[in-house]
Structure formats: C-alpha cells, structure tokens
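As structure tokens, the structure follows; a few thoughts come after it.
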Amino acid sequence: MTLPPEYCDMSGQNSPLRSILFAVSEALPLIKTGGLADVAGSLPIALADRGLDVRLVLPAYPQVVERSIPLEPVSSLRLAGWSEPVRLLRSRLAGRIPLYLIDAPGLFDRAGNPYTNASGNAWADNALRFGLFNRAVVAMALDQTGLGWLPDLVHCNDWQTGLIPALLSEEGSRPATIFTVHNLSYQGIFDRTSFDQLRLPGEFWSPDGLEFHGAFSFIKGGLAFADWITTVSPAYAREICTPELGCGLEGLLQHRSDRLQGVLNGIDYKSWDPATDHTITPFDAGNFHRKRLNKRQLQQELGLQKDESALLFGHIGRLVRQKGVDLILEILPDLISHENTQVVFLGAGDPGLERTLRRVADQYPNRVAAFLGYDEALSHRVEAACDCFLMPSRFEPCGLNQIYSLRYGTVPIVHRTGGLSDTVIDATPRNLLNGAATGFVFDQPTAGSLWQAVERAIAFRQRPEIWWQKLATTGMEQDFSWDVSASRYQEIYQKAIEHPAPNPITE
Ligand code: ADP
C-alpha cells in the first residue's frame with residue numbers, strides 16, 4: 001500500500017490536522033452508562049463544527065445497532081486472537097458524523113450493560129471483547145478495512161481503548177494518538193492469560209509497557225504509549241500525578257507530565273437548555289420565578305409535600321463510593337430536621353446503597369424521594385426542580401451534574417476536588433460581593449464538612465430572595481459550551497501530530 005507523503009512523515013512538521021478517528025466504548029444517544037457517553041456524543045460534533053473530518057467508532061452493542069439507522073456493512077476483518085470474522089458497519093451519529101461499528105456477534109451482541117452482566121459483575125471476557133475492539137480500530141487507523149480513509153489522529157478514551165496507542169506504536173507509519181482519562185480508577189486490569197490470548201507483542205509485557213504489578217493493564221497502553229494524554233479537568237490532571245489520586249500510576253503520569261493536559265468537559269447546550277428543554281417547564285435567568293413550577297411538578301410526581309417554599313436538594317449519580325452518597329445519607333437526619341427541607345435522589349448502582357435509599361424514602365415519605373434506576377428525562381426534571389444540588393464526590397475527574405445544575409439555576413454544593421473545584425465558585429463574602437459566586441464548596445470529603453456547606457446554603461436561603469436568585473443566575477450565565485474545549489483539543493491534536501512520543505519500550 002502506498003501512503004500519501006504527509007502521512008509517512010512522522011516528524012509531522014507542518015502537517016495540518018484534518019481527520020480524527022474517535023474511539024470510545026459508549027456515546028449518546030446510542031448507549032450511556034456515565035459521563036463518557038455525554039462527551040463522546042458532543043465533542044465529535046463540536047470538532048466537526050470546526051471543520052474537522054471526525055469519525056466515531058464503537059462496539060456494535062444491540063442497543064447501538066437498533067438506534068443506528070440506516071446501517072450498512074463495509075467489510076469483514078480477520079483479527080489476531082479471534083477465529084470468527086468481524087464486520088465493520090457504517091452509519092451516522094446525529095445524521096452527520098460518520099459512525100462505524102465493530103460487529104463481533106459473540107462478543108458484543110448481549111443484553112445489558114457494555115461492561116457488566118445483569119448482576120452488575122464485569123463480563124468475564126472483557127479483555128477479549130475490548131482487545132478485539134482495539135485491534136479493529138487499529139486496522140481502521142491504518143486503512144486496512146477497505147474504507148480508503150486514513151485518520152491523522154486517533155483519539156482514544158479510557159481503558160477500553162488503551163491498547164490502541166500501544167499497538168499503533170509498533171507501526172513505522174501511523175496516525176498520532178491521544179488518550180483521554182475520564183476516570184483513572186477504572187483501569188482494565190486482567191491476568192497474563194488474557195494478555196496471551198490477545199496475542200500481543202511479547203515486549204509489551206514489561207513495566208515500561210502493559211505490565212502492572214504482575215497483571216495486564218489496558219490503561220497503561222494509553223498512558224505509556226499515547227503521543228499526548230489528556231484528562232477532563234485541569235485540577236484532575238494535577239491530582240492524578242499524586243499518590244492520593246494516582247491509583248498507583250502517579251509515577252508514570254509524573255514521567256509523562258510534559259504531555260499531560262486537563263481540558264474541562266463542555267456540556268451539550270442543545271439538550272441541556274432550561275429555556276428550550278421540552279421535558280420541563282422552560283425558564284431562564286430572565287424569568288427565574290418559573291423554575292418554581294418545576295419544583296411543584298416534581299413534588300407532585302414523587303409524592304413529596306407540595307410546597308413551593310421548601311428548600312429542595314437533589315442528587316443524581318451512579319451509586320458508587322466515589323460519588324459520596326453515603327455522606328449525604330449521614331447528614332440526612334440533620335438535613336430534614338430543618339423545617340421545610342426536602343431531598344430527592346436519582347441513582348442506580350450499589351445494591352446496599354439502593355436498599356438504604358429505599359428505606360429512608362419510605363421512612364420520610366413527604367420529605368425524601370428516591371428513584372432507583374436510570375432515567376434521562378427525570379434527570380432533567382430533577383435539575384430543573386431543585387434549589388440545590390448535592391455533589392460530595394470523594395474525587396471527580398470532571399463531573400457533569402454540577403455543570404447541568406449551574407445551567408439550570410440549581411445551586412451546587414460540592415467537594416473541592418477535580419472538575420468540581422474547576423467549575424463551582426464558592427459563595428465566600430468576597431465572591432458574593434464581586435458577583436463571581438456560583439455555589440458552595442467544602443474542603444474535606446466528610447459528612448461534617450458537607451454539613452457545614454449545607455448549613456451555609458440553608459442560611460443563605462434565608463437572606464433576601466434576590467440574593468439567592470443572583471447566586472443561581474450567575475451560575476446560569478457561565479459558559480460551559482463545547483466551543484472552548486473543542487478548540488483546546490484541536491491545539492493538543494496539532495501538538496501530538498507535530499511531536500510524536502518516543503516508544504517507551506525501545507526509547
Ligand atoms: P460519571 O461519568 O462518573 O458517572 P458524570 O457526572 O461525569 O459522572 O456523568 C454522569 C452522567 O450520567 C450525567 O449525565 C448524569 O446526569 C447521568 N446519570 C447518572 N446517573 C443517572 C440516573 N440514575 N439517571 C439519569 N441520569 C443519570
């Protein structure tokens with residue numbers, strides 16, 4: 001195969017960025033388990049708006065196949081480590097972004113979650129599933145799938161795409177690679193047998209490569225081999241270089257810190273706009289009083305006491321320890337001992353936390369409501385209805401719900417960590433005075449520290465109404481659209497193309 005001249009020039013000098021292959025394991029509106037899907041459903045569109053040829057590739061899960069219409073076969077691939085042919089399918093995301101699906105029926109055609117079975121346990125063959133997905137993406141990146149298209153850069157996301165930069169590093173001519181860490185605590189750790197099953201190059205089994213304390217790490221493929229590493233907020237980029245939040249990878253991340261950058265996630269301003277959101281009673285900063293109608297409706301819907309003057313707190317999120325919902329549960333008795341406070345939870349996950357939430361909601365039916373499950377439309381109604389949003393995450397790479405809250409005039413109460421500290425400005429006297437305050441920020445991931453922030457919010461709410469409105473509408477006026485972040489990514493893509501990273505094994 002003859003490659004175009006600019007493609008072969010790995011010095012990359014002056015080669016302009018045109019085309020990007022965005023590899024990801026979930027994307028809205030096709031499939032979502034967390035914030036990764038929000039990003040993958042929005043960032044490629046923002047990049048395409050900047051004139052780039054962006055194409056998305058995902059595994060062909062049944063939900064994705066169902067929602068990708070029309071869908072046509074492109075080619076059939078043979079991949080190392082799997083005896084069956086794998087099909088490459090083509091569709092479009094949002095009617096415009098070319099979307100490719102890797103169809104390996106034995107691996108992806110299963111009911112349920114992309115990563116776990118119905119009982120919430122990781123699929124036993126996840127290494128094989130995502131290993132083959134990665135091999136298929138590499139074949140696409142090298143134009144070995146009959147598409148006649150060579151990307152300038154492959155943008156990989158989280159451990160499910162970690163082997164792509166490693167495999168591409170073996171190629172003499174290759175596109176540049178970016179690896180984005182959306183959450184370092186999920187690493188894709190498997191055993192040596194899985195490594196062998198994927199028939200990976202033997203030299204990858206090294207502490208400089210994919211080996212991690214005697215195990216096989218997908219995420220190291222991204223962190224050690226990618227030309228550039230990004231994560232989803234500047235604060236988290238610093239935090240993952242420390243032993244506290246580095247998850248054992250802080251040494252590698254420090255070593256690569258000259259190629260590590262934090263870019264704050266944007267949000268999809270079309271889906272999350274209180275002025276046009278068809279799932280709520282619309283409002284904006286100019287007619288903020290209409291937000292109250294949403295409170296009344298949600299109180300009615302969830303069986304809470306109907307009272308517009310109640311101070312309604314909300315929490316939405318995966319029920320995992322990271323999100324600190326246990327801290328909210330700890331302060332709940334104190335919180336509802338305050339006259340006229342109510343709390344609503346929307347979440348799914350840990351069965352123990354689900355049971356506890358159900359129990360407290362039964363115990364205080366007029367004051368606490370818990371919807372246990374995943375419901376996108378309800379998440380919009382909760383954001384629109386609440387006065388305050390509780391987000392006491394122990395760590396938070398970026399966090400989207402506090403940004404949705406800001407946009408919906410729902411004052412966030414957040415732990416000072418990661419993206420939460422980059423997006424919420426504490427209501428200190430000085431910040432209130434200069435009009436910068438947007439929420440309440442507390443310093444320790446403890447019930448005591450959270451409670452102090454909640455008490456500050458309750459006290460502030462008792463001040464003249466106009467003060468609260470100013471705090472909430474300042475949040476509504478912040479710009480968290482994708483434009484700024486997409487331009488940052490474009491700059492990083494260009495740097496990655498111009499300065500390929502040395503191979504960590506042979507350097
Ligand atoms: P993470 O990616 O760690 O789950 P983020 O805050 O970045 O956290 O993103 C979570 C996304 O998932 C947000 O869009 C949030 O609204 C949504 N979400 C989480 N749990 C639920 C739920 N039970 N119902 C609806 N949406 C949810």
Side-chain angles (χ1 to χ4, degrees), residues 22 24 34-36 38-40 42-43 46-47 153-162 165 176-188 212 217-267 322-323 391 393-403 414-425 441 443 445 478-480 482-499 501 504:
F22 195 93
V24 71
L36 174 61
D38 298 62
V39 175
S42 307
L43 174 58
L47 291 165
L153 178 139
V154 186
H155 188 153
C156 308
N157 295 277
D158 272 354
W159 74 261
Q160 294 87 350
T161 58
T177 53
I178 291 274
F179 183 77
T180 297
V181 178
H182 296 261
N183 191 332
L184 191 66
S185 68
Y186 299 99
Q187 301 186 354
F212 187 57
S217 162
F218 266 58
I219 201 167
K220 279 193 72 188
L223 301 182
F225 291 86
D227 292 313
W228 224 271
I229 305 165
T230 69
T231 188
V232 288
S233 68
Y236 193 59
R238 295 188 295 273
E239 290 168 353
I240 57 178
C241 292
T242 67
E244 289 73 31
L245 289 179
C247 304
L249 292 162
E250 61 275 10
L252 172 56
L253 287 160
Q254 282 161 20
H255 174 65
R256 301 219 64 203
S257 58
D258 57 338
R259 289 171 181 266
L260 166 65
Q261 219 166 315
V263 181
L264 200 63
N265 283 337
I267 61 167
Q322 178 201 338
K323 301 290 175 182
M391 202 148 168
S393 307
R394 290 187 163 82
F395 68 94
E396 194 57 80
C398 176
L400 292 172
N401 277 307
Q402 86 283 10
I403 306 181
V414 304
H415 174 212
R416 194 186 305 281
T417 184
L420 300 178
S421 60
D422 283 336
T423 50
V424 182
I425 300 169
V441 185
D443 287 315
Q478 306 300 302
D479 183 359
F480 291 110
W482 268 107
D483 301 350
V484 179
S485 307
S487 77
R488 288 277 135 71
Y489 275 111
Q490 200 171 348
E491 287 159 19
I492 296 171
Y493 291 162
Q494 195 62 47
K495 282 195 282 192
I497 288 179
E498 287 173 10
H499 308 286

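- Here the closest non-hydrogen pair linking Ser393 and His415 is O-ND1, 2.8 Å.
- Within the 4.5 Å cutoff, the side chain of Ile267 has heavy atoms near those of the Leu400 side chain.
- Pairs engaging residues 217-250 under the ring pair (Phe, Tyr, Trp, His ring centres under 6.0 Å) rule: Trp159-Phe218, Phe190-Phe218, Phe204-Phe225, Phe216-Phe218 [sequence neighbours left out].
- Looking only at side-chain heavy atoms (C-beta outward), Leu420 and Val441 stay at 4.5 Å or farther from each other.
- By the 4.5 Å heavy-atom criterion applied to side chains, Thr161 and Val24 are not counted as neighbours.
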Given Thr423 and Ser233, is the side chain to side chain contact (heavy atoms under 4.5 Å, CB included) satisfied, shown in steps?
-> CA-CA 9 Å; Thr423 50; Ser233 68; over 6 Å; no
What do the steps show when you test Trp482 against Asn265 for side chain to side chain contact (heavy atoms under 4.5 Å, CB included), and what is the final call?
-> CA-CA 7 Å; Trp482 268 107; Asn265 283 337; 3.7 Å; yes
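- Atom CD of Glu396 sits about 11.0 Å away from atom CG of Leu245, to the nearest 0.5 Å.
- Interatomic distance, OG of Ser485 versus CG of Leu47, reported as 10.0 Å (0.5 Å rounding).
- Heavy-atom minimum distance, Ser421 versus Ala235: OG-CB, 3.8 Å.
- Taking 4.5 Å as the limit, every side-chain heavy atom of Met391 sits out of range of all side-chain heavy atoms of Val424.
- To the nearest 0.5 Å, the span separating CG on Leu184 from CG on Leu223 amounts to 6.5 Å.
- Of all the heavy atoms in Arg259 and His499, the pair that sits closest is NH1-O, 2.7 Å.
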List the steps, then state whether side chain to side chain contact (heavy atoms under 4.5 Å, CB included) holds for Asp227 with Leu153.
-> CA-CA 10 Å; Asp227 292 313; Leu153 178 139; over 6 Å; no
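- Under the side-chain hydrogen bond (donor to acceptor under 3.5 Å, both in side chains) rule, Thr180 has a single partner from Thr231, Thr230, Asp158, which is Thr230.
- Although no hydrogens or angles enter the test, the distance criterion places a donor-acceptor pair under 3.5 Å between the side chain of Gln187 and the main chain of Cys247.
- When all heavy atoms of Gly222 and Ile229 are compared, the closest pair comes out as O-CG1, 4.4 Å.
- Heavy atoms from other residues, nucleotides or ligands lying under 6.0 Å from CZ of Arg488 number 12 at most.
- A donor-acceptor pair is defined here as one N or O able to donate and one able to accept, closer than 3.5 Å; such a pair exists between the side chain of Gln402 and the backbone of Cys398.
- Taking CZ of Arg238 as the start and CG of Leu253 as the end, the distance is 14.5 Å to the nearest 0.5 Å.
- Scored by the side chain to side chain donor-acceptor pair (under 3.5 Å) test, Asp443 finds Arg416 as partners (sequence neighbours excluded).
- Side-chain atoms of Phe22 and Asn157, non-hydrogen and from C-beta on, do get closer than 4.5 Å to each other.
- Rounding to the nearest 0.5 angstrom, the gap separating the CZ atom in Arg256 from the CZ atom in Phe179 is 11.0 Å.
- Side chain of Glu250 to backbone of Gly248: a donor-acceptor contact under 3.5 angstrom is found.
- In this structure the side chain of Pro397 never reaches within 4.5 angstrom of the side chain of Ile240, judged on heavy atoms.
- Residues His155 and Tyr493 are in side-chain contact: their nearest non-hydrogen atoms beyond the backbone lie under 4.5 Å apart.
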Please step through side chain to side chain contact (heavy atoms under 4.5 Å, CB included) for the pair Arg394 and Thr417, ending with a clear verdict.
-> CA-CA 7 Å; Arg394 290 187 163 82; Thr417 184; over 6 Å; no
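- Across all their heavy atoms, Ala226 and Thr177 have their closest contact at CA-OG1, 3.4 Å.
- Residues Gln254 and Cys241 have side chains in contact (heavy-atom distance under 4.5 Å, counting atoms from C-beta outward).
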